[in-house]
**Student:** 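Pasting in a structure now, in structure tokens, and then I'll have a few things to ask.
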Protein chains: 2
Amino acid sequence: MEADTPRTEEYLESIYKLQQEHRPVTTSSLAEHLKLSAPSVSEMVKKLEGKGLLSHTEKGVCLTEEGKSIAKKVIRRHRLSERLLTDILGFKWDEVHEEACRLEHAISPEMEDRIAESLGNPKTCPHGHPIPDKDGVLVKEKVRPLSELKASGKGVIVNVFEEDPNMLKYLASLGLIPGVCVRVEEVAPFGGPLIVCVSGSRYALGREVASKIKVK
Amino acid sequence: MEADTPRTEEYLESIYKLQQEHRPVTTSSLAEHLKLSAPSVSEMVKKLEGKGLLSHTEKGVCLTEEGKSIAKKVIRRHRLSERLLTDILGFKWDEVHEEACRLEHAISPEMEDRIAESLGNPKTCPHGHPIPDKDGVLVKEKVRPLSELKASGKGVIVNVFEEDPNMLKYLASLGLIPGVCVRVEEVAPFGGPLIVCVSGSRYALGREVASKIKVK
DNA sequence: TTCATTGATTAGGTATACCTAACTGTAATA
DNA sequence: TATTACAGTTAGGTATACCTAATCAATGAA
Ligand SMILES: [Mn+2]
Ligand SMILES: [Mn+2]
Ligand SMILES: [Mn+2]
Ligand SMILES: [Mn+2]
């Protein structure tokens with residue numbers, strides 16, 4: 001069994017994430033997510049299929065058990081890196097994604113263990129996403145998008161499906177971070193914004209944005 | 001100016017280190033240090049020369065100012081990584097070299113700053129080697145090898161030029177780490193061992209080993 | 001002086017991972 | 001039905017960084 005290269009890890013990670021977000025896992029969606037050309041992805045997908053890490057049918061790409069297992073390891077390292085960056089090195093949650101995306105390929109199993117231990121085995125990354133445990137067990141909370149709440153509905157933010165630093169900075173400035181309670185005051189019709197109440201303040205939130213904030 | 005690849009960084013780092021240790025910086029010594037074939041190094045050296053990072057004469061390879069500057073940045077990231085690993089994540093000094101050798105290529109300038117800050121701007125790595133500052137200033141202490149001390153000579157260990165984990169573990173088990181005071185009790189003739197006294201205990205040390213321990 | 005050793009390079013090749021341009025097949029549209 | 005749009009692949013090519021085998025050049029020993 002040949003060692004996985006950083007690129008293999010990156011593909012598997014992307015595929016796993018797209019699938020988790022219930023987005024189509026096609027070569028084109030992958031190409032968009034990875035910011036690569038379609039033929040590059042097409043070629044790589046074929047190689048990964050040859051290595052038994054995924055299967056590729058008309059319906060799209062699907063990780064095998066081995067592919068899933070590797071993906072979860074990468075995601076564990078990614079999310080632990082993010083926690084290291086925020087909790088120990090003092091980064092903001094909007095500054096860690098890119099950094100972690102490089103670190104995740106440079107961390108040994110020993111370092112992974114030490115980070116987890118030093119941080120007290122955190123259960124989630126700074127964005128609220130679960131950190132798979134050593135055995136690849138990933139506890140997914142049942143959540144729904146904030147955008148689905150009705151007027152006067154309430155919920156606690158569990159996680160935020162967003163990687164764009166500017167958006168994350170904006171959300172943090174409104175106090176929209178995991179663990180915070182949000183109440184929907186009003187829902188404008190025709191796909192209009194939501195008026196939400198967060199720790200005493202009122203804000204108008206676009207549907208698009210609200211759909212990325214998952215609450216329970 | 002194209003970005004440096006991890007491999008470019010690795011070559012420059014090796015060249016800088018060999019030169020610091022006053023070892024010949026030839027393609028063959030480089031090949032040995034980097035564990036690559038001579039032709040591979042020969043080729044890469046030519047490329048790096050073309051990029052203006054080094055010059056290659058009969059006397060060997062010599063970094064240009066730009067090459068030196070990059071090398072010192074890599075070494076700064078390497079040594080800061082080592083400190084992060086030992087001081088924050090609880091690694092032993094014999095476990096950090098390889099890990100840091102990967103991390104050093106995955107750390108952004110921002111992360112470099114945060115590590116330095118979080119650690120209180122350490123002056124040396126766990127092996128006692130100076131950490132270049134942001135501007136590439138590297139303070140080298142005047143030291144000499146323990147093997148050069150005469151009988152009843154004394155010195156404080158400044159650093160240890162050794163990367164082999166087993167050797168480092170051995171040295172740590174004898175208490176031979178930076179900051180510790182060593183007295184040479186006896187020097188066996190004909191290149192024989194030194195009998196040294198460290199924190200109350202006596203040990204026989206081979207010349208080879210003793211030459212890697214630098215004292216002041 | 002000639003030969004063998006050593007160091008370095010040239011020649012030729014591989015693997016990985018990316019690209020653009022061109023082509024193909026399917027499915028919705030006019 | 002013919003057309004267009006889109007997704008996906010094939011074809012052909014590049015850059016990086018490695019390898020082995022063969023060659024070349026200088027040096028010291030026979
Ligand atoms: Mn990643
Ligand atoms: Mn995250
Ligand atoms: Mn290195
Ligand atoms: Mn060190």
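The shown structure was predicted, so the numbers you read here are calculated from the model rather than taken from an experiment. So you know, we letter chains A, B, ... as the sequences are listed, proteins then strands, and number each from 1.
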**Student:** For a quick test of reading the model, state the closest non-hydrogen atom pair linking A:Leu176 to A:Trp93 and the distance between them.
**Tutor:**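 Minimum heavy-atom separation between A:Leu176 and A:Trp93: O-CH2, 3.6 Å.
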
**Student:** For a quick check under 3.5 Å, do B:Ser108 and A:Glu99 share a side-chain donor-acceptor pair by atom type?
**Tutor:**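 On atom types as modelled, these side chains qualify, holding a pair under 3.5 Å.
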
**Student:** On the nucleotide C:dT16, are OP1 or OP2 found under 4.0 Å from the side-chain N or O atoms that A:Tyr11 carries?
**Tutor:**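 Indeed not, no polar side-chain atom of A:Tyr11 lies that close.
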
**Student:** Of the nucleotides C:dA17, D:dT16, C:dT20, which has the atom closest to the A:Pro39 side chain?
**Tutor:**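 Closest nucleotide among those given: C:dT20.
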
**Student:** If you only use heavy atoms from C-beta on, which nucleotide in C:dT16, C:dC18, D:dG8 is closest to the side chain of A:Glu43?
**Tutor:**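 Of the candidates, C:dC18 comes closest.
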
**Student:** So if I take every side-chain heavy atom of B:Thr5 and compare against D:dT10, D:dT16, C:dT20, which nucleotide ends up nearest?
**Tutor:**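 Looking only at heavy atoms from C-beta outward on B:Thr5, the closest nucleotide is D:dT16.
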
**Student:** Does the side chain of B:Arg7 get closer than 4.0 angstrom to OP1 or OP2 of D:dC18 through an N or O atom?
**Tutor:**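 Checking D:dC18 against B:Arg7, a side-chain N or O does come within under 4.0 Å of OP1 or OP2.
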
**Student:** Touch check for A:Thr27, heavy atoms < 4.0 angstrom, all strands: base, sugar-phosphate only, or nothing?
**Tutor:**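 Counting heavy atoms under 4.0 Å across all strands, the contact made by A:Thr27 is with sugar-phosphate only.
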
**Student:** State which of C:dC19, D:dT16, C:dA8 makes the closest approach to the side chain of A:Ser40.
**Tutor:**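 From the listed options, C:dC19 comes nearest.
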
**Student:** OP1 or OP2 of C:dA8 less than 4.0 angstrom from a side-chain nitrogen or oxygen of B:His56, does that happen here?
**Tutor:**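 Answer no for this pair, as no side-chain N or O of B:His56 is under 4.0 Å from OP1 or OP2.
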
**Student:** B:Arg207 and B:Val187: which non-hydrogen atoms are nearest, and at how many Å?
**Tutor:**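 Looking at all heavy atoms of both residues, the shortest contact is NH2-CG1, 2.9 Å.
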
**Student:** Side-chain N or O of A:Ser42 versus OP1/OP2 of D:dT10: is the shortest distance under 4.0 Å?
**Tutor:**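 No.
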
**Student:** Between B:Ser14 (side chain only) and B:Tyr11 (backbone N and O only), is there a donor and an acceptor less than 3.5 Å apart?
**Tutor:**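 Such a contact is absent between B:Ser14 side chain and B:Tyr11 backbone.
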
**Student:** Any base atoms under 4.0 Å from A:Ser28, or only sugar-phosphate, or nothing? Heavy atoms, all strands.
**Tutor:**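 The residue A:Ser28 makes sugar-phosphate contact but no base contact.
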
**Student:** By nearest nucleotide on DNA chain D, pick out whichever of B:Lys35 and B:Lys51 is the more 5' one.
**Tutor:**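 Here B:Lys51 is the residue nearer the 5' end.
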
